[in-house]
Amino acid sequence: VVLFAVTVAAAPRPKRVLVVSSFCRSAWPVGIVAAGFQTELAQESIEFHKAELDPTRFARPTFAEQYRWRILGVLGMCLLEGVLIVALVHQLRRRRQTEQSLRESEERMKLAASAGELGIWEWNLVTDEIWATGSAAARISLDGSGQSDADRFLQSVHPEDRERVRQAVEKAVNDNGDYDSEHRANLPEGRTRWIAARGRVEFDDKRTPLRVRGVSMDITARKEAEARAQESERRFMLMANSAPVLIWASGPDKLCTLFNQPWLDFTGRTLEEELGNGWTDAVHPEDRAGCMKMYRDSFDARRSFSMEYRLRRHDGQYRWLSDHGVPRYDAQRNFLGYIGSCVDVTERKQAESEAQRTRQDLAHMTRVSTMGELAGSLAHELNQPLTSILSNAQAAQRFLKAAPADLKEVSEILQDIVEQDRRAAEIIVRMRAMLRKGEAQILPVDLNLIVGEVLGIFRSELVVRKVTTTTELARDLPLVWGDRIQLQQVLLNLIMNACEAMSAHPRGEFRLTIKTEPAEADQVQVAVIDGGPGFAPEALERVFEPFRRTKINGLGLGLPICRSIISAHGGRLWVSNNSGGGATVRFSLGTHQKEIF
Amino acid sequence: LSDPLHQIYVVDDDRPIREALSRLLKSAGYKVLTFSSAKEFMGHYEPDIPGCLVLDISMPGITGLELQRWLMQSNSSLPIIFLTGRGDIPTSVRAMKEGAVDFLTKPVNEEDLLKAIEEGLRRERRARAAHAELEVIWGRLATLTPRELEVLKHVVSGQLNKQIADDLGTVEKTIKVHRGRVMEKMGVKSLAELVRAAERVGIGQAPASGGLSLPSQFLTL
């Protein structure tokens, strides 16, 4: 009895019933033992009395003999009860732990729900009762009690979203049981919040829906941010579409994701056709590779770029576009891709090519006039092989007439004739090239070779003018980008100028040096150094003005044309006076390795 | 047609032309030497060997005209045929004035060239003959005594014996004897002949040139 009372008192209040019942269950054998004990006691006393009456019949038994079974029974009962108590205490402790962790997780859930504006709800479909907790309680029931029903709940949903929510519930109940909706909820103070709700329908064995359990969350902030982003996007597109330029944007994978309306209007293609790398279809085939290379290289280097290429317009005409692209980043400096804008520069290009044509015409004109001045010299150059050919041929005729004919000599002569004929042909080719009017062909050029060719044209002129020519040509000179004929023309003009300067001032030394050398920054420099009087200080600054005649013959276009040719090659041409008398004209050009666009 | 003893020099800075001309002239039977520059030629030239020079007029370094002047100054009678790539008239006039045999434009026709060479060689022969004649005259002049030379100078200047005698401070008769001896030593029979011989060596005008044993001032023209 004492044990019972102690156990009941020790047990926590809600578990006391359990303790009592389990105690009662385990207590009945004690009762039986106790009852047995009573009977035995009684019987014993009878037998005791009998023994007292007849002491001879019975020997007086010992205490152990007398209460053997009782002692064993009590000991067994005590053992059994001890085991039961230990088991009970253990069970109680486990229960207490479980209850505590349950309570803790419930607390955590509540905390999470309130922190994340998360509401937990349950809708009993059988009784049409909605029970909600957390933030959902206030939304679902107008009185904030957390109790509601389907009608009242639908009332709280924004009228525009009501039908949608209803359908979502229906679908969940009739379909796979998943409920998912985003809707606006009208709150008591007239506020509207965006709610995202997710739930699951629970069915019984016969697939009768019993209840829906789920969570809901206030997503107003996200929705507003989305709306803001959409508005900003809309505003950007409005701006992009009304801008008079073609705009594109690409993602971090280099693929284009956006083209504005003017772009689409320009190409006459759909956005779908242009997306990704589709836009390159309309790029002129000649420009496509260069255009893509520029884009990819700049992209990989995250470098802004400017390039020009031809893009096919909707009418099939290719137009020159100037495209300027820059990398774009978000607020956290994460790379997002590129954005670029293009302007139609066809008109400017045409003007440029017009100017280029004019420059080429002028260059051609001066080339022809230079060649005119050199005509005597050129005729002489051509005469040399012809002279050799004629004399050789006539000698051969004589050798053949002789008896016996000297065939060995004749064979040598014919060999010479062939060589000299080739030499004449080369001179004619060179002359024709100089006189031809044509597009510049920008190719890698060896300036040392150009010097050699020009001196070939000039050779007899220099002899007649008694000019001693020295060349200092750098070995392994890097190639430069340029048009061979135009560069020859520049050198021809410079040498011609030097000769004129020297012969106009006979006191000067008739010495001409042509020097080629690699210069810094991937440049090659050519210097034409004369022993003439040099430029007058005031002339030094004005030699490049057209029609400033510094020599007796010619239009005075020589140096200006030379400079414009070199500038068109991306190079530089300048003049200076030598410290020891005479003038030097230098020009520098970028080497072949250095790409020019 | 050609005299194998004659040496033809070809000077041109253009190797193929040099070779072609050399072949042509060899095919015509001449002995030919070629030089790539005036300087090279000047190093090899032997005045004693009769010949003809085919010379390119425009060459780097010493030009054709300069070589011509050098030959003239060294008193050579070597005939020169100029070759030119350009029909430059002032140059040709100058060359011809300086005694060039011909001035041929490249490409040169073999007939013209061979004809010019023939002409050159003819002139050379003539010049050498004239030179030989001069040498005879010089030789004879060398036998004259200084007094006889004085008399000769006066005679060829057209003075009468009497005037000469006055000038030299002697009598007419002595002059007459001297004069007879001069005529005899000079191998002439008439006064006209004597005057011509004297003129050949430049006596009577400026100091004469080319003498073998005469003072050097006689040697310049």
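Remember, it's a predicted structure, so these values are computed and weren't measured experimentally. When reading the values below, keep in mind they use all heavy atoms of this one structure, side chains included, and skip hydrogens, waters and symmetry mates. A note on names: the letters A, B, ... follow the listed sequences, proteins ahead of strands, and every chain is numbered from 1.
- If you measure heavy-atom distances from A:I417 to chain B, you find no contacts under 4.5 Å at all.
- B:L168 and B:E150 get closest at one heavy-atom pair: CD2-OE1, 4.0 Å.
- With a threshold of 4.5 angstrom between heavy atoms, B:I62 does not approach chain A through any atom at all.
- To the nearest 0.5 Å, the span separating CE on B:M96 from CD on B:E98 amounts to 12.0 Å.
- Checked options B:L71, B:V101, B:L67, B:V54; the residue passing with B:I80 is B:L71 (criterion: side chain to side chain contact (heavy atoms under 4.5 Å, CB included)).
- Of the two parts of A:L386, the backbone and the side chain both hold a non-hydrogen atom closer than 4.5 Å to a non-hydrogen atom of chain B.
- What you find for A:V410 and A:A396 is that their closest heavy atoms are CG2-O, 4.0 Å.
- Screening residues 72-83 of chain B for salt bridge (Lys or Arg N to Asp or Glu O under 4.0 Å), with sequence neighbours left out, gives no hits.
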inquiry  = Pair B:Y45, B:S74 - check side-chain hydrogen bond (donor to acceptor under 3.5 Å, both in side chains), show working.
reply    = CA-CA 11 Å; B:Y45 173 55; B:S74 58; over 6 Å; no
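- Here the straight-line distance linking atom CG of A:L378 with atom CD1 of A:I427 works out to 8.5 Å at 0.5 Å rounding.
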Looking only at N and O atoms, which donor-acceptor pairs between chain B and chain A are within less than 3.5 angstrom?
from, atom 1, to, atom 2, distance (Å)
B:D13, OD2, A:R459, NH1, 3.1
B:D14, OD1, A:R423, NH1, 3.3
B:D14, OD2, A:Q384, NE2, 3.0
B:D14, OD2, A:R423, NH1, 3.2
B:D14, OD2, A:R423, NH2, 2.7
B:R23, NE, A:E409, OE2, 3.4
B:R23, NH1, A:N392, OD1, 2.7
B:R23, NH1, A:D416, OD2, 3.3
B:G61, O, A:K466, NZ, 3.4
B:G85, O, A:N383, ND2, 2.9
B:K106, O, A:N383, ND2, 2.9
B:K106, NZ, A:Q384, OE1, 2.9
B:N109, OD1, A:Q394, NE2, 2.8
B:E110, N, A:Q394, OE1, 2.9
B:E110, OE1, A:R398, NE, 2.7
B:E110, OE1, A:R398, NH2, 3.4

